[in-house]
> 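Below is the structure I would like to discuss, written out as structure tokens.
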Number of protein chains: 4
Amino acid sequence: MNFTSDNAAPVSPEILAALAAANDGPAPSYGADSWTARFREKIASLFGPQAIAHPVATGTAANALALATIVRPYGAVLCAEEAHIASDECGAPEFYMGGAKLIPLPSRDGKIRPAQIDAAMARARDGGVHHVLPEAVSLTQATEWGTIYQPDEIAAIAAACRRHGLALHMDGARFANALVTLGCPPAAIGPEAGVDVLSFGATKNGALAAEAVIFFNPKLADGFERRRKRAGQLWSKMRYLSAQLDAYLESDLWLRNARQANDMAGRLAAGLGPHVIHPVEANELFLTLPEPQIAALESAGARFYRWVAVEGVPNPVIRLVTSFATTETDVDRFLKLFAAQKLAA
Amino acid sequence: MNFTSDNAAPVSPEILAALAAANDGPAPSYGADSWTARFREKIASLFGPQAIAHPVATGTAANALALATIVRPYGAVLCAEEAHIASDECGAPEFYMGGAKLIPLPSRDGKIRPAQIDAAMARARDGGVHHVLPEAVSLTQATEWGTIYQPDEIAAIAAACRRHGLALHMDGARFANALVTLGCPPAAIGPEAGVDVLSFGATKNGALAAEAVIFFNPKLADGFERRRKRAGQLWSKMRYLSAQLDAYLESDLWLRNARQANDMAGRLAAGLGPHVIHPVEANELFLTLPEPQIAALESAGARFYRWVAVEGVPNPVIRLVTSFATTETDVDRFLKLFAAQKLAA
Amino acid sequence: MNFTSDNAAPVSPEILAALAAANDGPAPSYGADSWTARFREKIASLFGPQAIAHPVATGTAANALALATIVRPYGAVLCAEEAHIASDECGAPEFYMGGAKLIPLPSRDGKIRPAQIDAAMARARDGGVHHVLPEAVSLTQATEWGTIYQPDEIAAIAAACRRHGLALHMDGARFANALVTLGCPPAAIGPEAGVDVLSFGATKNGALAAEAVIFFNPKLADGFERRRKRAGQLWSKMRYLSAQLDAYLESDLWLRNARQANDMAGRLAAGLGPHVIHPVEANELFLTLPEPQIAALESAGARFYRWVAVEGVPNPVIRLVTSFATTETDVDRFLKLFAAQKLAA
Amino acid sequence: MNFTSDNAAPVSPEILAALAAANDGPAPSYGADSWTARFREKIASLFGPQAIAHPVATGTAANALALATIVRPYGAVLCAEEAHIASDECGAPEFYMGGAKLIPLPSRDGKIRPAQIDAAMARARDGGVHHVLPEAVSLTQATEWGTIYQPDEIAAIAAACRRHGLALHMDGARFANALVTLGCPPAAIGPEAGVDVLSFGATKNGALAAEAVIFFNPKLADGFERRRKRAGQLWSKMRYLSAQLDAYLESDLWLRNARQANDMAGRLAAGLGPHVIHPVEANELFLTLPEPQIAALESAGARFYRWVAVEGVPNPVIRLVTSFATTETDVDRFLKLFAAQKLAA
């Protein structure tokens, strides 16, 4: 009953097996190996031949490198106020961008709207050189609240970006979870919807430590490789990073893993009903419960994250996250416990 | 016959096995796991209880984070002009330190001398606020030329550091290789010799991607963890980083691996004789050879790195690096080829 | 009728005269001159002997250097959301601090409250290494809305800072304007109220280009001088910066200038009555007026700044700023025009 | 007899008078004033209509801003090892560029040669992403040794820059001194010789605190104004910066000032003969003298700078700098003293 985070999960057996298979004699270092080439081919077949994919080990690195490549130090990034880049990366984007700012936009469901971009740009233009210059928008797919952007919502944001000369970044730490819910091809919520650069997550969905920065707009990719190197994010034994990503995409492992995680979240949601405070569209649930009930769940062995207080929600909020490794048994044990607590309350 | 680099080598089977063993259900993320705890205990037993060890994935990250923690943005680091931090990390230390400078000191054998530190400090003091303030010295053990610092050489440098209020960093990407040659306890070329912070390498010596920053002087460690996070260097599934390091230190695997690499370098050196331009004290050899002979070796399938021209050495220079995975067969094939080429020349 | 800003004003004749007087043969460069010494003595007599004052040319430089000296790159600064450092300096604090964040706190009157600091610190602690670490609070005196902090309000904030280990910075671009309203000694809203470092403004109040960073807590001043140099903020002919500041403090010029500015703001406020949306406590007024009336004032030759829309205020908002150079004639012409427009409307 | 530096000199009376003349009522802030417009027109008439000039207060700011605008954080700048940007600005270029490196090239006379650029580029290319990417060359005119680049020398360096895709920056802290020696139009050692961006100095040659960054290649100027603002280098009362520069160029004041400085340096050189260790081509002289003679000059009241030891020069080296304010009387007093000392020795 560990629902603290999808990063508390282990590694998919297929990915561990790929590491073992890659461990066969010497190989060129720094990415000139065949695993990296194979991963890149898979990305090109999913997102189109213009897609340029660069593996890195962490999601924070992927986001910070992507943003630093498309935003200058006197620039700024518009994002939802709950965005991981704004709240949970200890200033990594600011560090990598050389001090450029994140401009948080308020949001009730984790999603930002085109009108907010228009308004933010009007304010920025008004300030002239005294204000930082927004140069990018960053979306999170799925969002921090476990909701997802529909293709047409992304396209509308991309249109706003084009109106204002902004690049569009997507933090896809849970890209696969969003994708299986939408049931569309990956490109439909990537390049076809107007996304310029994607942080393509795998760690939360079964990899050991593997993400990729994928540029759909090659003009924006200039300098990425030196930035990655000087950030200490270029692996010498790169094959072991790429082998994870290659196995992740092989035989739809990524989609199967995400589907399992989402299904388990849905099963939880179905059993928890009105306590759920956001639509459960991916693998995260947010519940509001009276404190004694939360404490009782904890002492019965359930593991989850206590969220910060949410405005307008009277009781405390907890977050449950499922993963590829979550089983029906896990879910049903939790639901049984929950029902028992409720009865007792 | 791949002698391009020790990072072209695969992963020790023991370390792959440790990854598989760690893949057992959920575990706390970000380092609150038992593998990280076990690794830290091993470090404490090797280097003393005050040693604080933080795992990271690359050597560049280890160096840049270590230096950024001990040097302020208006500061500077004294190092050998060939130092990896100065030549091969694409400005990572400068990036992490917020623009502090590396001040390269000339060196014929890769080692710097206390008198150079004294002279550099005199120059810096003379410049007052117009000059950056040296705050650290960085040594490489083994050096870029495959030579090693003796314990008393390190202690003499540490004494110079104390004279001038400098912290002492050691880039130990090949720490194990130096150690097995010296045959001393690890602490003798670390805290006991006056080193304050060590980049403890494992990747070149059998790990997949694992290094550690080890502070022997806890006063200098302040802020490291937030710096690591904001650099995108904190793994969510940290157990898979720490499990590598734990296995690396288990049953002296690290020393066995390094000994094999060093022995193979020695075997090469013995066969190549006067072409070797530096003492072979670890697992690197530098040879000077006429260009036709180099080309002939390459076309016969030998793999190595062509070095930049070395002042005072008439012929081109090549570098051969051995690893834990280098076998006597590899070495003897190369030596046979070399002898045949020479005969032909 | 130019009320656009106090930085549209000219230079006090006394300060120009001081520049001419300083222009007498050679003088030591970089601050080793007698004008700098004299200015520092005046600061010590105003704020106490422990006060260390460093001249710089702009307010943005003063703020950014002060904050960079007391906040580390992984740190953060709590400030009001309207703060100049957050909105009008194009990311200068972030640049100087190496990417540390500003955390804006909402405020209706430009002032922040101790409870907001407590709440922000609780949130930050909850986030651990994933969140930046607040290390300072920055107040603006007078605020962006022309209001002022009372000594006990500052002391209460300073107490909150001490509770949480934060340094307290004051952006005193209009310090003199606040001071003459309060009628207290300067130290009472500086070191005695718990301020650690002050950006002491003079440019808006009669200088040509001169501010000072004043550390009341010498322990926090470490490294300031190298930071100033590497920011390109150290004047070689420093005497011309210090001579301004020396003349500014001589014979209470600064207080006389500020009093004139404040008096003229009061005279405006008295004539504009209910259109004024904030208490006029220094030399700034904010008016809400129907658009046609604003346009009419503009076409009649009045100059002022159109503010961004203010939440909850139906009409557009304009800002009027007075300076030492504003005369009763200027004010009365504007009031006459205003009355005439109103009558016509 | 103060020859310590041209920045120990006072301000030209014409420039002080211009400040007083500018002090006439309100004026638009941040550069939208008529003094800035007039200065820009003068620059356009000197350097051509494409020249874009931005005033700043210090030479370090001019250099650091110019370089940050043309070099990315993973880039590098090739310069002479004695260059002010490398030795005397406490890391300002590295700070402004976000950690990009300066690559110092050895030089006996302060000048770099095209072949050094070719060699440095070959080394950089060899290193791939592991090395920083040189993106600019920076020359100093006049050099740190008081020598000057001829137009054809600059053109040859510019050709090397074009071969390698590098921008060409000139640190013209003593541009006027070089110009009067060469006797050519300013554009001949600026845009016509291939310079892309010039730090145009005035402070050392009679201004109070005024320099300008002049872009001859408008494509390289993108983002400069926001960089200047966020560096705290944008003056609110800009008219007082521009009025200095306008007066500096008015009626050839800049050339008259520089000629006086150079003439006085020539007069010194003529009297000091074989002790001078570099050609005296501008307003700096370097002398080598036995220590007792240096000490005797000092105790007789002469003021100059003791230089760092120069390789291959047996005795200590001192630097004498003349300025527009140096008189024949100053020079002749020094020469008389020098002759007397020599006789005594």
Side-chain angles (χ1 to χ4, degrees), chain A residues 2 4-13 16-17 19-20 22-30 56-65 88-96 98 203-204 207-209 225-241 303 323 325-326, chain B residues 2 4-13 16-17 19-20 22-30 56-65 88-96 98 203-204 207-209 225-241 303 323 325-326:
Chain A
N2 190 315
T4 51
S5 178
D6 31 12
N7 61 34
V11 175
S12 276
L16 263 192
L19 289 178
N23 203 39
D24 183 23
S29 45
Y30 299 118
V56 293
T58 73
T60 295
N63 287 333
L65 280 169
D88 296 291
E89 300 186 346
C90 198
E94 290 89 342
F95 170 44
Y96 275 65
T203 310
K204 289 180 195 293
L208 185 152
E225 293 185 74
R226 275 197 174 79
R227 287 187 190 273
R228 180 175 58 178
K229 173 64 192 181
R230 78 195 291 262
Q233 297 288 359
L234 177 64
W235 279 27
S236 54
K237 297 182 172 177
M238 179 79 95
R239 58 171 142 169
Y240 299 100
L241 193 45
R303 292 289 166 267
S323 80
T326 306
Chain B
N2 190 315
T4 51
S5 177
D6 30 12
N7 62 34
V11 174
S12 277
L16 263 192
L19 289 178
N23 203 40
D24 183 23
S29 44
Y30 300 118
V56 294
T58 73
T60 295
N63 287 333
L65 279 169
D88 295 290
E89 299 186 346
C90 198
E94 289 91 341
F95 171 43
Y96 274 65
T203 310
K204 290 180 194 293
L208 185 152
E225 294 184 74
R226 276 196 174 80
R227 288 187 189 274
R228 179 175 59 177
K229 173 64 193 181
R230 77 195 292 261
Q233 298 287 357
L234 177 64
W235 278 28
S236 55
K237 297 183 173 177
M238 178 80 94
R239 59 172 140 168
Y240 299 101
L241 193 45
R303 291 290 165 265
S323 80
T326 306

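Residue numbers start from 1 in every chain, and the chains themselves are labelled A, B, ... in the order their sequence lines are given, proteins ahead of strands. Note that this is a predicted model, so its numbers are computed, not measured.
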> Drop me the distance from B:Lys237's NZ to A:Ser5's OG, to the nearest 0.5 angstrom.
9.0 Å

> By a 4.5 Å heavy-atom criterion (distance strictly below it), what part of A:Ala8 contacts chain B: side chain, backbone, both, or neither?
both

> Are the side chain of B:Gln233 and the backbone of B:Leu65 linked by a donor-acceptor contact shorter than 3.5 Å?
no

> If we define contacts as heavy-atom pairs under 4.5 Å, which of B:Gly59, B:Ala20, B:Cys90, B:Pro93 has the most with chain A?
B:Cys90

> Heavy-atom distance under 4.5 Å to chain A: side chain of B:Arg227, backbone, both or neither?
neither

> So what's closer than 4.5 Å to chain A heavy atoms on B:Ala325: side chain, backbone, both or neither?
neither

> Ignoring hydrogens, what is the shortest heavy-atom contact between B:Lys204 and B:Asn7? Give both atom names and the distance.
NZ-ND2, 4.0 Å

> For A:Thr4, is it the side chain, the backbone, both or neither that has a heavy atom under 4.5 Å from a heavy atom of chain B?
neither

> For chain A, find which of B:Val56, B:Asn63, B:Asn23, B:Asp24 contributes the most heavy-atom pairs closer than 4.5 angstrom.
B:Asn23

> Tell me, for B:Ala207 versus chain A, whether the close heavy atoms (under 4.5 Å) come from the side chain, the backbone, both or neither.
backbone

> Kindly write out the residues that satisfy side-chain hydrogen bond (donor to acceptor under 3.5 Å, both in side chains) with A:Ser236, not counting sequence neighbours, or none if the list is empty.
none

> Contact part of B:Leu234 toward chain A, heavy-atom cut-off under 4.5 Å: side chain, backbone, both or neither?
backbone

> Establish, from distance only, whether the side-chain atoms of A:Glu225 and A:Tyr30 form a donor-acceptor pair under 3.5 Å.
no

> Tell me, for B:Leu16 versus chain A, whether the close heavy atoms (under 4.5 Å) come from the side chain, the backbone, both or neither.
side chain

> Go through the atoms of A:Ala62 and report whether side chain, backbone, both or neither lie under 4.5 Å from a heavy atom of chain B.
neither

> Between B:Ala231 and A:Tyr96, which heavy-atom pair has the shortest distance, and what is it?
O-OH, 2.6 Å

> For the candidates A:Glu89, A:Arg239, A:Arg303, which exhibits the highest count of non-hydrogen atom pairs separated by less than 4.5 Å from chain B?
A:Arg239

> Between A:Ala61, A:Pro28, A:Pro26, A:Ala64, who has the most heavy-atom pairs with chain B when the cutoff is under 4.5 Å?
A:Pro26

> How long is the span from the NZ atom in B:Lys229 to the CZ atom in A:Phe95, to the nearest 0.5 Å?
14.0 Å

> Using a cut-off of under 4.5 Å on heavy-atom pairs, state which of B:Pro13, B:Ser29, B:Ala22 scores highest against chain A.
B:Ser29

> Can you tell me which portion of B:Thr203 sits under 4.5 Å from chain A's heavy atoms? Options are side chain, backbone, both or neither.
both

> With respect to chain A, which residue among B:Pro10, B:Ala92, B:Ala9, B:Gly91 yields the maximal number of heavy-atom pairs within a distance under 4.5 Å?
B:Pro10

> Between B:Leu208, B:Leu241, B:Thr60, which has the largest tally of heavy atom pairs under 4.5 Å with chain A?
B:Leu208

> Which one of B:Gly232, B:Ala57, B:Ala27 has the most heavy-atom pairs closer than 4.5 Å to chain A?
B:Gly232

> Among all residues two or more places apart in sequence or in another chain, which pass the ring pair (Phe, Tyr, Trp, His ring centres under 6.0 Å) test with B:Tyr240?
none

> Parallel, tilted or perpendicular: which fits the ring planes of A:Trp235 and B:Trp235, with parallel below 30° and perpendicular above 60°?
parallel

> Among A:Ala17, A:Gly25, A:Ser323, A:Gly98, which residue has the highest count of heavy-atom pairs closer than 4.5 Å to chain B?
A:Gly25

